[in-house]
Amino acid sequence: MVPNFSTDVLIVGAGAAGLTLAIELARRGVALRLIDRLDGPFPGSRGKGIQPRSQEVFEDLGILDRVVATGGLYPPPRDYRHDGGYEESQILEPHDPTPDVPYRLPLLVPQFLTEAAMRERLAELGSYPEFGRELKGFEQDGEGVNARIAGPAGEETVRVRYLVGADGGRSVVRQALAIGFPGKTLGVRAVVADVVLEGLSRDAWHRFNHGSMETQLSLCPLAGTDMFQLQAPVPLEGDVDLSAEGLTAMVAGRTGRGDIVIRSVSWASAYTMNARLADRYRDGRVFLAGDAAHIHPPTGGQGLNTSLQDAYNLGWKLAAVLAGAPETLLATYEEERRPIAANVLGLSTKLLEAAKGGVMRRGREVQQLDLGYRESSLAMEKPARGGGVRAGDRAPDAPVRGVAGMPTRLFKLFQGPHWTLLGYGLDRLSAVEPRPGLHIHAVGPHGDIIDDGGHLRAAYGLSLGDWVLVRPDKYIGAIVSSDHAPALETYLASVGLPARA
């Protein structure tokens, strides 16, 4: 046995889920290693849609502006007819931002640019992915995990307190644990490729033969690059020529146009679509996150977004337990995230069936704003609420003003690794004592925050005397009236924030 812990958490897989988890742990001062068997960062655009809820997560992590700067909004779909004409439409229902929902449109950002921004943020926090290092095996006991890692200098054995497999659909970690991965192959195989081409403008998402699974093809300009993403269904069996010449021939055959010429291919893959969900997300001190726990068809842009929010949920809980919170807190990771993945798998599969017929319309259901944890053991209401925002829901934003006069937003008050307690119309110290990891704000004439426009009260449906406790992942942990305020102390102790003895 390796006698000493070399780090607290070993993360296997430096994709979106692994990077999110590393950022969450690093900004809480948790020692970690992030390894990936690839020799360098993933080069493809694969998960290019960043949904509004993920934008809120990125704002909290401090990377939203740099992600927006590298990408852009989706261009309008341009559907070509057989006579050479075309029609432009909207995939997305247009919505303006509101005080409680500041981001209403998905961003188009190639995955390799999103992950580059995440690596930059991780470096600011003092950590870096270790590429070219492969997990060869591991054993665990009641105190930790011994993991064997092969790298350029040979094999090493490290002892860590927890291990997280964020290593994709063919997860070595999941297979080593013999965790079942039931689901189904969806009968669709497709090509996705990042290409430089001539013959199309960059002001539209060019789509041909939508409604035909034999000849469908789309070419979407990738914001922040000079490339297009090519997507096309292909036969379930047989080789596919993914060279520039081969893809040019595919485009010509499906569009009838000889003026679209692919000059180079940066990355390409032919893959079979699956919908699968791991039987469980945890085995002792080992966890699964992202595609290691669930894989989706690409319809609706749900896979990457669900993956990074797995890590957003797990990160604060691991850090809390490492800092002394009850170990039972870790059980809420699977309790909360596995039902979300099941829900999203159903949505993605439904959207795939619609896409087979050429229907691509998207509404609020893909934005992940309404996913939450009302049934979680971490959701507390006293008394129970009959409607409106509930414990377990996403915490809404609202414009407010500091009592000194400067405007701000709830999201700015929430930003960071802490819990936030809001008292509506109360003295800021009348419910619980101050403690590390908890920010307390009172809203009203005797508090530090002024709700001038009434947006906070409207978003949360509060009455005078109500307290709202917001979790580090910006979901509502508890809503209690002043009569039930003592219950907050018990709740806080259960998540690692007890009052001073």
Side-chain angles (χ1 to χ4, degrees), residues 1-15 17-39 118-119 122-123 125-168 170-179 278 280-293 310-334 337 417 495-496:
M1 176 178 289
V2 180
N4 298 313
F5 291 103
S6 60
T7 196
D8 287 326
V9 182
L10 174 64
I11 306 168
V12 182
L19 286 164
T20 301
L21 180 59
I23 292 170
E24 278 290 87
L25 295 175
R27 69 175 180 162
R28 291 171 166 83
V30 174
L32 66 98
R33 286 185 66 179
L34 173 62
I35 65 170
D36 197 292
R37 64 178 181 80
L38 297 179
D39 291 332
M118 299 172 84
R119 288 192 300 274
L122 184 60
L125 296 166
S127 292
Y128 302 85
E130 301 175 43
F131 291 104
R133 286 171 172 79
E134 183 176 1
L135 180 72
K136 303 302 289 186
F138 60 89
E139 299 83 31
Q140 62 173 313
D141 53 51
E143 302 298 324
V145 183
N146 296 329
R148 303 188 307 280
I149 301 171
E155 187 169 301
E156 62 175 320
T157 299
V158 300
R159 182 158 174 79
V160 300
R161 299 183 190 279
Y162 295 99
L163 186 151
V164 180
D167 52 341
R170 296 184 175 91
S171 171
V172 170
V173 175
R174 187 189 66 244
Q175 293 178 36
L177 295 170
I179 292 177
R280 61 188 192 278
Y281 280 22
R282 179 189 185 186
D283 186 311
R285 289 180 166 267
V286 184
F287 296 82
L288 302 177
D291 287 355
D310 286 345
Y312 192 54
N313 183 291
L314 178 59
W316 72 265
K317 295 173 180 177
L318 275 174
V321 170
L322 286 165
E327 199 271 344
T328 52
L329 180 62
L330 294 175
T332 67
Y333 168 60
E334 178 178 324
R337 292 305 302 170
V495 295

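Heavy-atom basis, side chains included; hydrogens, waters and symmetry copies ignored.
- Contact check on R337 versus E334 returns no salt bridge, with no Lys/Arg side-chain nitrogen under 4.0 Å from an Asp/Glu carboxylate oxygen.
- The one candidate from T20, D8, L32 that meets the side chain to side chain contact (heavy atoms under 4.5 Å, CB included) condition with L25 is L32.
- T7 places no side-chain N or O within 3.5 Å of a backbone atom of V160 that could act as its donor or acceptor partner.
- Residues I23 and Y312 fail the side-chain proximity criterion, which asks for heavy atoms closer than 4.5 Å.
- Atom CD of E143 has 12 or fewer neighbouring heavy atoms from other residues, nucleotides or ligands inside a 6.0 Å radius.
- Classified by interplanar angle (parallel below 30°, tilted 30° to 60°, perpendicular above 60°), the ring pair F287/Y333 is perpendicular.
- Here the side chain of R174 pairs a donor or acceptor atom with the backbone of A292 at under 3.5 angstrom.
- The shortest non-hydrogen separation linking R28 to W316 is NH2-CB, 3.4 Å.
- The two atoms that bring V321 and L329 nearest to each other are CG2-CB, 4.1 Å, heavy atoms only.
- Taken to the nearest 0.5 Å, the CD1 atom of I11 stands 11.5 Å off from the CZ atom of R33.
- Of the options V158, V12, N146, V9, a side chain to side chain contact (heavy atoms under 4.5 Å, CB included) to L163 is made by V12 and by none of the others.
- Scanning both residues, L34 and G13, for their nearest heavy atoms gives CD1-O, 3.3 Å.
- Rounded to the nearest 0.5 angstrom, Q140 CD and R159 CZ are separated by 10.0 Å.
- Residue-environment remark: CZ (R280) exceeds the threshold of 12 foreign heavy atoms within 6.0 Å.
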**Message:** If you apply the rule side chain to side chain contact (heavy atoms under 4.5 Å, CB included), what do you find for I35 with I149, and how did you get there?
**Reply:** CA-CA 9 Å; I35 65 170; I149 301 171; 4.1 Å; yes
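- Atom CG of residue D310 and atom CG of residue L288 lie 9.5 Å apart, to the nearest 0.5 angstrom.
- For the pair L10 and V145, the minimum side-chain heavy-atom distance is 4.5 Å or more.
- Counting heavy atoms from C-beta outward, F131 and D36 have side chains that approach closer than 4.5 Å.
- For the residue pair G132 and D39, the shortest heavy atom distance occurs at CA-OD1, 3.9 Å.
- Of all non-hydrogen atoms in S127 and A26, the two that sit nearest each other are OG-CB, 4.3 Å.
- More than 12 heavy atoms of other residues, nucleotides or ligands sit less than 6.0 Å from atom CZ of R133.
- Remark: the backbone N or O of G284 is paired with a side-chain donor or acceptor of R282 at under 3.5 angstrom.
- Between atom NZ of residue K136 and atom OG1 of residue T157 there is a gap of 12.5 Å, rounded to the nearest 0.5 Å.
- For the atom pair R170 CZ and D291 CG, the distance stands at 11.0 Å (nearest 0.5 Å).
- Scanning both residues, L19 and P129, for their nearest heavy atoms gives CD2-CG, 4.1 Å.
- Contact check for L314 versus Y281: no side-chain heavy atoms found under the 4.5 Å cut-off.
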